[in-house]
Amino acid sequence: METGAATTAKASSLRWKILRQALLRKPTDEQSAVGVKRITRKTTQGFNLIPTNLVQDPTNLTDATVCYTLPIDSAPKLYINQRVVDRAELSDFEICNQYNIDNTGLVCQWPSEEALAYFCLKNADMFRSKRVIELGAGYGLAGLVIAAVTDASEVVISDGNPQVVDYIQRNIDANSKAFGGTRVKAMMLHWEQTGNSNISSTFDLIVASDCTFFKDFHNGLAQIVKFLLKKVQPSEAIFFSPKRGDSLEKFLEKIKESNLCFSITENYDAEIWKHHNQLMNGDGSWPSYEKDHCYPLLVRIAL
């Protein structure tokens with residue numbers, strides 16, 4: 001997102017500092033593990049709400065296809081292509097600097113996205129005949145679930161990173177037979193891209209997961225929500241966001257400043273809440289699990 005010279009310098013300087021450190025010295029395995037745990041909370045685990053299995057392709061060393069078996073009768077399987085190389089490439093940093101974006105969409109399928117997808121699956125009626133957009137979609141699981149099972153009229157799956165949008169388009173193409181009459185498309189969308197009148201006030205529902213972590217992007221995110229929601233009839237944004245320190249709180253301050261209203265729900269689904277409590281009690285499936293950083297709250301935002 002093009003958020004101004006000061007923000008651009010701050011974000012790009014941080015990215016290149018990280019790259020410089022990576023090039024100058026190779027951290028030990030222990031240092032790497034601690035860094036990942038403390039900074040990104042990246043995990044190969046999750047809430048295990050949607051069964052998955054890896055589709056093997058020995059000829060592809062950088063990408064993998066994961067099959068999601070949606071836990072409702074007669075639902076189609078979804079196939080998500082995603083990166084598996086566990087390192088950042090120089091081109092990733094160059095693209096982040098060029099577009100002033102982060103690279104988290106390529107890192108992994110984040111647990112909050114799985115929780116959002118499951119919530120959409122269990123609340124399919126709210127999307128019927130609606131025009132929906134997913135922001136900061138990463139590989140697009142939630143948007144694809146909405147497209148496959150809810151009879152939405154249109155689903156737009158968006159991200160600000162062109163590399164991520166390429167993956168989204170591949171995943172739309174791979175699952176096109178599952179969408180029925182729902183129109184589905186990928187879109188590259190920066191959160192301060194409010195000059196595109198074609199998408200202004202056109203969406204009934206916005207969905208997003210774990211998009212509030214970076215405070216530099218809070219203002220743009222609040223403004224794009226206000227820009228996209230329909231003004232002439234009821235519309236809302238559904239965010240799944242962990243607290244992550246004061247990041248969510250700071251984002252909601254921007255929501256207030258934008259004259260939007262919001263509500264927060266902690267226990268919004270019995271199955272997700274059950275998995276959360278099991279993890280809090282130390283069931284061992286997600287050793288680094290912490291409520292503040294890992295459990296997504298349901299935030300509903302409206303005009």
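Any value given below was found using the heavy atoms of this structure, including those in side chains, with hydrogens, waters and symmetry copies removed.
For the pair N123 (side chain) and M126 (backbone), a donor-acceptor distance under 3.5 Å is absent. Between the Q82 side chain and the Y139 main chain, no donor and acceptor come within less than 3.5 Å of each other. Judged purely by atom type and a 3.5 angstrom limit, D210 has no side-chain atom pairing as donor or acceptor with the backbone of S241. A donor-acceptor pair under 3.5 Å is formed between the side chain of E114 and the backbone N or O of N48. Side-chain N or O atoms of T65 include none that pairs as donor or acceptor with a backbone N or O of Y79 at under 3.5 Å. Of the possible donor and acceptor atoms, none in the side chain of T69 sits under 3.5 Å from a partner among the backbone N and O of K77. Checking side-chain atoms of D159 against main-chain N and O of V165 turns up no donor-acceptor pair under 3.5 Å.
Checking S201 against K231 by side-chain atom types alone, a donor-acceptor pair falls below 3.5 Å. Side-chain atoms of Y167 and D63 form a donor-acceptor pair, as typed in the model, at a separation below 3.5 Å. Residues Q223 and T194 bring no donor and acceptor atom of their side chains to less than 3.5 Å of each other. Side chains of D204 and Q233: a donor on one and an acceptor on the other come within 3.5 Å.
Across W286, F240, W110, a single residue satisfies ring pair (Phe, Tyr, Trp, His ring centres under 6.0 Å) together with F47, and that is W286.
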Identify all side-chain donor-acceptor contacts of residues 176-185 below 3.5 Å with residues at least two apart in sequence or on another chain.
residue	atom	partner	partner atom	Å
S176	OG	D173	O	3.3
T182	OG1	A152	O	2.6

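Between E253 and K256, no side-chain nitrogen of the basic residue sits less than 4.0 Å from a carboxylate oxygen of the acidic one, so the salt-bridge criterion is not met.
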Open item on the list: Does F262 form a side-chain contact (heavy atoms from CB on, under 4.5 Å) with F239? I'd like the steps, not just the answer.
Closed with: CA-CA 10 Å; F262 68 88; F239 276 55; over 6 Å; no
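Within the structure, side-chain hydrogen bond (donor to acceptor under 3.5 Å, both in side chains) contacts touching residues 273-282 (residues at least two apart or in different chains) are E271-K274, E271-H275, H276-Y289. Among pairs with a residue in residues 232-243, those fulfilling salt bridge (Lys or Arg N to Asp or Glu O under 4.0 Å) read E236-R300, at least two apart in sequence or across chains.
Closest non-hydrogen pair, I168 versus G138, comes out as CG1-O, 3.2 Å.
Within a 6.0 Å sphere centred on NZ of K215, other residues, nucleotides and ligands contribute more than 12 heavy atoms.
Aromatic ring orientation, F119 versus Y268: perpendicular (interplanar angle above 60°, classes split at 30° and 60°).
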